[in-house]
Amino acid sequence: MAAELTVPQLSAKHRPTLDQALSAIRSRAYWSPHPEHPKAYGETAPADGLAAFEALRGTRLDLGQPGTDGWTGAEVSPYGPELGVEYPHVDPDVLLPAMKAGMGAWRDAGPEARALVCIEILARISARTHEFAHAVMHTSGQAFMMAFQAGGPHAQDRGLEAVAYAYEEQTRVPGQADWSKPQGKKDPLQLGKTFTAVPRGIALMIGCNTFPTWNGYPGLFASLATGNAVLVKPHPRAVLPLALTVKVAREVLAEAGFDPNLVALAVERPGEGIAKTLAVRPEIKLIDYTGSTEFGDWLETNARQAQVYTEKAGVNTVVLDSTDNYKGMLSNLAFSLSLYSGQMCTTPQNLLIPRDGIATDAGHKTYDEVVADLAASVGGLLGDDARANALLGALVNPDVKTRLEAAAALGEVALASREVVNPEFPDAVVRTPVMVKLDAAKADPEAPYLSECFGPVSFAVAVDTTADALDLLRRTVREKGAMTVGAYTTSPDTERAVEEVCLEESAQLSLNLTGGVFVNQTAAFSDFHGSGGNPAANAALCDGAFVANRFRVVEVRRQA
């Protein structure tokens with residue numbers, strides 16, 4: 001097929017971005033090519049993006065995919081409105097062979113061409129960030145500004161980061177080499193060798209409800225940049241952001257002279273559960289999944305023909321030992337507990353506090369005082385309904401509301417949840433966090449704090465000493481996993497002890513955060529999201545291990 005976008009054109013446009021991304025993953029310094037502020041996209045971009053989103057509602061999104069055997073779609077915004085978008089339902093027996101057909105040319109294009117095409121896809125998505133933000137907001141329940149940033153530039157950063165790692169790993173080996181082995185007085189043995197990065201096959205990306213783009217883009221672009229075709233299976237309540245992504249990817253691939261079927265969409269009918277069916281098909285060689293531990297474990301056990309990358313549930317913990325900025329600690333924790341109603345895989349759940357209290361710059365604070373002050377800090381942060389709506393967003397599904405309401409019966413309530421009315425979206429379910437006091441001395445293998453309670457629920461757990469807190473931290477990470485660990489201490493010895501636990505149990509640690517960086521936020525090109533070393537996830541976003549097994553190097557030797 002004729003290419004409207006040539007590799008030289010793409011190189012002139014995007015090679016500097018690729019080089020900067022490669023530099024960033026090596027230096028780990030701050031860098032992002034995607035602006036965080038809505039005004040950076042042009043004066044008319046906010047209105048244009050909203051109009052584009054509204055124009056999608058009640059329409060049929062035809063991607064021109066082979067194997068379309070019907071239409072489906074039943075998304076309802078957590079804010080209330082029905083989206084009414086219909087998507088193609090596919091017959092995998094027709095679609096998967098069509099996806100495989102274009103892989104040879106995509107493989108032969110080489111790592112650089114693939115990376116440049118991927119960056120062009122991301123650039124076009126970036127230009128539509130406002131539209132994507134509304135799509136993310138109305139499928140995840142994130143407040144608009146969070147949907148804009150996390151669903152837009154931060155997600156695009158993670159996709160670009162995956163492209164950079166993919167390029168780096170594929171180009172470690174040269175494309176060709178002349179090999180000559182001396183033989184003394186005889187002529188040397190001489191061979192010409194070529195080395196080609198070859199894809200594993202078709203990748204299946206199983207999207208999540210809460211962060212469809214942020215969690216979806218790393219796997220999607222890591223697989224595509226390493227030569228694989230990618231089948232995107234969105235969460236049934238969060239289809240639109242990934243359907244738009246697929247649409248853009250197919251357009252760019254076609255314009256660059258490649259088969260658009262290298263990226264395709266698989267949307268399920270209500271209750272169909274096609275993820276399980278697709279996951280065990282022999283054509284599927286890679287799987288990326290974010291979601292429940294139960295289904296993640298099922299994939300790892302049953303999708304034996306595929307390399308499976310999972311991010312599952314964990315129990316995130318903060319150890320409170322001491323602080324020289326009590327007010328800053330409370331403020332930082334309050335924001336972390338409130339952001340997006342605690343519906344982040346990185347949100348703290350367990351706050352481990354010595355029962356005799358902690359030393360602070362405001363004097364000694366007892367356990368009860370720390371809990372009461374933190375509850376007051378959360379209450380103050382969310383006391384104004386307008387600010388509360390901007391931070392909390394909406395509960396993503398009824399299960400979160402059920403867990404929130406049940407949490408109040410688990411122990412003494414230190415902070416009660418309250419209902420917040422969203423005047424713009426009166427049907428939105430908005431709730432402030434609940435905080436429950438529990439005691440680790442009451443040894444109970446079924447204690448609520450030993451399992452993830454996803455949503456705006458936290459447990460203030462009284463422990464005998466900081467040493468006991470570290471023992472509980474170690475046990476929790478080892479048995480349940482953790483995406484994040486936080487700690488507050490003014491003691492160098494305690495700091496080293498916390499760090500040692502996290503190094504041994506492979507948990508990402510944040511120490512003494514009291515400013516504008518929070519334990520539940522990670523920055524692409526610098527921070528690793530998850531470690532792959534504890535039960536919460538078997539991969540990190542993003543590192544060399546996340547991309548290196550998505551391709552193999554095949555060597556051809558020729559007699560010189």
Side-chain angles (χ1 to χ4, degrees), residues 34-38 40-41 45-46 48-57 61 73 75-85 87 121-122 124-160 205-221 232-249 265 267 290-291 339-341 343-346 389-397 400 422 424-425 428-430 520-522 524 529 541:
H34 303 113
E36 285 186 322
H37 201 285
Y41 294 80
D48 293 345
L50 177 58
F53 167 73
E54 291 292 346
L56 289 167
R57 294 179 59 188
L61 197 67
E75 291 160 291
V76 177
S77 168
Y79 289 95
E82 292 186 13
L83 299 192
V85 182
Y87 307 97
I121 295 169
L122 286 164
R124 294 199 190 181
I125 292 170
S126 177
R128 297 168 62 177
T129 291
H130 277 271
E131 177 187 356
F132 272 74
H134 288 286
V136 170
M137 174 183 174
H138 284 287
T139 51
S140 71
Q142 294 174 32
F144 177 77
M145 186 53 73
M146 186 177 186
F148 182 90
Q149 293 185 339
H154 297 172
Q156 296 152 21
D157 283 349
R158 282 296 184 191
L160 179 56
M205 194 280 280
I206 303 173
C208 69
N209 195 174
T210 48
F211 290 89
T213 55
W214 197 98
N215 278 106
Y217 283 5
L220 192 165
F221 285 98
V232 176
K233 206 299 290 183
H235 190 284
R237 286 192 290 260
V239 179
L240 184 56
L242 292 178
L244 293 175
T245 301
V246 170
K247 189 172 190 298
V248 173
L265 185 73
V267 182
T290 299
L339 186 62
Y340 186 32
S341 301
Q343 298 171 124
M344 303 173 70
C345 62
T346 49
N389 276 305
L391 284 175
L392 294 170
L395 298 188
V396 69
N397 61 53
V400 176
N422 186 318
E424 186 179 359
F425 299 103
V429 179
V430 185
N520 40 356
Q521 297 174 319
T522 59
H529 177 73
L541 305 180

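Everything numeric in this text was worked out from a predicted model, so none of it was measured.
- When atom types are taken as modelled, the side chain of R158 and the backbone of L541 share a donor-acceptor pair closer than 3.5 angstrom.
- Closest non-hydrogen pair, T129 versus G152, comes out as CG2-CA, 4.1 Å.
- Here the side chain of Q343 pairs a donor or acceptor atom with the backbone of A394 at under 3.5 angstrom.
- Side-chain atoms of T139 never come within 3.5 Å of backbone atoms of A238 as a donor-acceptor pair (strictly under, hydrogens ignored).
- Across all their heavy atoms, M145 and P38 have their closest contact at CE-CG, 3.6 Å.
- In summary, the side chains of H154 and E36 do present a donor paired with an acceptor at a separation below 3.5 Å, with no hydrogens or angles considered.
- Side-chain polar atoms of T210 and Y340 form no donor-acceptor pair below 3.5 angstrom.
- Q156 has its side chain out of reach of F221: every pair of non-hydrogen atoms, C-beta onward, lies at least 4.5 Å apart.
- Listed for the E82 side chain is no donor-acceptor partner under 3.5 Å among the backbone atoms of S77.
- Rounded to the nearest 0.5 angstrom, T290 OG1 and M205 CE are separated by 8.5 Å.
- Counting all heavy atoms, side chain and backbone alike, S140 lies closest to P212 at CB-CD, 4.5 Å.
- Distance alone, capped at 3.5 Å, places no donor-acceptor pair between the S341 side chain and the L395 backbone.
- Formation of a donor-acceptor pair under 3.5 Å by the N397 side chain with backbone atoms of V400 is found in this model.
- Looking at F148 and P46, their side chains never come closer than 4.5 Å, going by heavy atoms from C-beta outward.
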From CA spacing to verdict: side chain to side chain contact (heavy atoms under 4.5 Å, CB included), H130, L50: CA-CA 7 Å; H130 277 271; L50 177 58; over 6 Å; no
So H138 and F425, ring-ring contact (aromatic ring centres under 6.0 Å, His included) or not? Walk me through it. CA-CA 11 Å; H138 284 287; F425 299 103; 5.3 Å; yes
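- Formation of a donor-acceptor pair under 3.5 Å by the Y41 side chain with backbone atoms of G49 is not found in this model.
- Using a distance-only test at 3.5 Å, with no hydrogens or angles considered, no donor-acceptor pair links the side chain of Q142 to the main chain of V136.
- One distance of note links OG1 of T346 with CD of Q521; it measures 8.0 Å at 0.5 Å rounding.
- Partners of F132 by ring pair (Phe, Tyr, Trp, His ring centres under 6.0 Å), not counting sequence neighbours: none found.
- Minimum interatomic distance between P218 and T213 (heavy atoms only, all atoms of both residues): CD-O, 4.3 Å.
- Of the possible polar contacts, one joining the Y79 side chain to the G141 backbone as a donor-acceptor pair under 3.5 Å is found.
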